[in-house]
Amino acid sequence: MSAPQRLNCDFFARPVETVARELLGKNLHFGACSGRIVETEAYHESEPSCHAWQGKKTPRNRPMFAEPGTVYIYRIHQVFCLNLVCEAPGTGAAVLIRALEPLQGIAEMRQRRGEKVKDRDLANGPGKLCQALSLDLDQNGVSACLPSSRLYLSESLFSYSEAEIQITPRIGISKAQEIPWRFFVPPTSRAFP
DNA sequence: CCTGCGATTTGCT
DNA sequence: GCAAATCGCAGGC
């Protein structure tokens with residue numbers, strides 16, 4: 001009986017859309033809080049909606065070209081968004097974590113998100129989950145696949161079946177809207193809908 | 001439940 | 001200067 005195991009760096013060193021799909025059902029941990037990943041999107045330097053489009057490096061997107069398993073956090077409007085870098089070092093590719101189903105530290109999440117916020121609304125958005133877990137630029141550029149990582153992912157006791165997973169174009173972008181790189185589990189297939 | 005809109009900060013042209 | 005990988009809330013159905 002082995003405890004759920006951390007995802008290692010090899011997990012992230014694969015095509016970004018594969019990693020995005022396989023992250024569904026995995027657990028994300030930071031501090032005392034954790035949640036099950038139920039929505040992701042893939043981004044790759046070969047398409048224009050990606051911050052690393054055409055492989056152009058800027059101060060902001062620098063972590064996207066680092067080792068697989070690196071954390072890339074950026075700010076949009078007033079919130080932060082969490083990404084996990086994929087593929088080979090030097091290739092700009094990352095998975096945006098868009099939603100979690102809260103598992104551990106729910107009271108702490110509610111403290112940060114607001115006392116009146118319902119469980120299902122604690123982390124059902126890329127900015128919301130960063131606020132719930134208190135993720136910000138402090139974690140930008142760190143690794144999420146080392147034994148010592150504060151932010152890390154773990155295997156889950158179950159996985160979602162293909163039938164439970166929806167694949168659609170990505171949300172909130174104006175370019176490359178034809179690419180179906182959003183992967184999510186609808187509320188009806190989750191533990192608490 | 002779904003759609004629309006404004007807030008407001010940062011990064012890059 | 002402008003666009004943005006968003007959110008919350010108002011208002012309609």
Side-chain angles (χ1 to χ4, degrees), chain A residues 12 15-24 28 30 35 37-66 68-87 91-102 109-141 144 151 153 165-190 192-193:
Chain A
F12 300 97
V16 68
E17 66 272 28
T18 301
V19 178
R21 156 67 185 85
E22 292 192 15
L23 277 173
L24 295 178
L28 175 71
F30 185 65
I37 297 174
V38 292
E39 182 175 351
T40 61
E41 285 177 358
Y43 288 88
H44 189 272
E45 65 176 28
S46 61
E47 43 89 12
S49 68
C50 181
H51 287 175
W53 186 36
Q54 296 177 319
K56 283 189 174 179
K57 297 182 181 67
T58 67
R60 178 178 65 159
N61 71 18
R62 186 174 191 86
M64 289 194 75
F65 298 94
T70 297
V71 172
Y72 169 48
I73 296 180
Y74 66 88
R75 185 169 190 152
I76 176 74
H77 295 95
Q78 285 120 290
V79 304
F80 298 102
C81 293
L82 168 68
N83 300 257
L84 296 162
V85 175
C86 296
E87 306 200 3
T91 299
V95 174
L96 171 67
I97 308 299
R98 287 193 58 90
L100 299 178
E101 197 177 84
M109 294 188 198
R110 178 167 288 107
Q111 213 165 15
R112 299 193 190 101
R113 290 271 303 125
E115 293 299 334
K116 294 179 299 184
V117 175
K118 296 191 275 269
D119 280 4
R120 55 180 298 169
D121 294 326
L122 285 174
N124 63 341
K128 298 176 191 178
L129 74 91
C130 283
Q131 189 186 4
L133 301 194
S134 74
L135 291 171
D136 55 29
L137 264 24
D138 286 353
Q139 307 306 318
N140 189 33
L151 172 62
L153 294 104
I165 295 172
Q166 305 257 11
I167 304 178
T168 73
R170 295 165 293 181
I171 298 290
I173 58 171
S174 59
K175 298 165 190 165
Q177 291 169 329
E178 73 284 0
I179 304 177
W181 275 2
R182 173 179 180 234
F183 305 86
F184 76 106
V185 180
T188 49
S189 293
R190 298 183 196 168
F192 51 86

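Letters A, B, ... are given to chains in the order of the sequence lines, protein chains preceding strands, and every chain is numbered from 1.
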R113(A) near the nucleic acid: base, sugar-phosphate alone, or nothing, with a heavy-atom cut-off under 4.0 Å?
sugar-phosphate

Rounded to whole Å, please give me the gap between CG in N124(A) and P in dC7(C).
8 Å

Between Q131(A) and A52(A), who's closer to the 5' end of DNA chain C by nearest nucleotide?
A52(A)

Tell me whether E41(A) is salt-bridged to R98(A), with the criterion being a basic N under 4.0 Å from an acidic carboxylate O.
yes

Would you list the protein and nucleotides 1-9 of chain B atom pairs, both N or O, that sit under 3.5 Å from each other?
from	atom 1	to	atom 2	distance (Å)
dT8(B)	O4'	Q78(A)	OE1	3.4

Worked verdict on N83(A) versus I97(A) for side chain to side chain contact (heavy atoms under 4.5 Å, CB included)
CA-CA 6 Å; N83(A) 300 257; I97(A) 308 299; over 6 Å; no

Answer yes if the side chains of R113(A) and Q131(A) hold a donor-acceptor pair under 3.5 Å, and no otherwise.
yes

Nearest-Å distance, CG (L82(A)) to P (dT6(C))?
13 Å

Which part of the nucleic acid, if any, lies within contact of I173(A), taking any heavy atom under 4.0 Å across all strands shown: a base, the sugar-phosphate backbone alone, or nothing?
sugar-phosphate

Cut-off 3.5 Å, side chains only: do N124(A) and K128(A) have a donor facing an acceptor?
yes

Assess whether side chain to side chain contact (heavy atoms under 4.5 Å, CB included) is satisfied between M64(A) and C50(A), documenting all intermediate values.
CA-CA 10 Å; M64(A) 289 194 75; C50(A) 181; 3.7 Å; yes

Expected list for residues 17-24 of chain A: side-chain donor-acceptor pairs under 3.5 angstrom, two or more places apart:
from	atom 1	to	atom 2	distance (Å)
R21(A)	NE	E162(A)	OE2	3.3
R21(A)	NH2	E162(A)	OE2	2.7
E22(A)	OE1	R14(A)	NH1	3.2
E22(A)	OE1	R14(A)	NH2	2.9
E22(A)	OE2	R14(A)	NH1	3.3

If you draw the axis of the six-membered ring of Y43(A), does the NZ or CZ of R170(A) fall within 45° of it and under 6.0 Å from the ring centre?
yes

For C130(A) and V79(A), what are the C-alpha separation, side-chain angles and deciding distance, and is it a side chain to side chain contact (heavy atoms under 4.5 Å, CB included)?
CA-CA 8 Å; C130(A) 283; V79(A) 304; over 6 Å; no

May I ask you to verify if any side-chain N or O of S174(A) is less than 4.0 angstrom from the OP1 or OP2 atom of dA4(C)?
yes

Dot-bracket assigned to DNA chain B with the 3.5 Å Watson-Crick/G-U criterion, [ ] for crossing and | for other-strand pairs, is |||||||.||||.

Identify whether NZ of Lys or CZ of Arg in R182(A) sits under 6.0 Å from the centre of the six-membered ring of F184(A) and within 45° of that ring's axis.
yes

Whether K128(A) contacts dG8(C) is assessed here as follows: a side-chain N or O lying under 4.0 Å from the phosphate OP1 or OP2. Is that the case?
yes

Is Y43(A) stacked on the base of dA5(C), meaning ring centres closer than 5.5 Å and planes within 30 degrees of each other?
yes

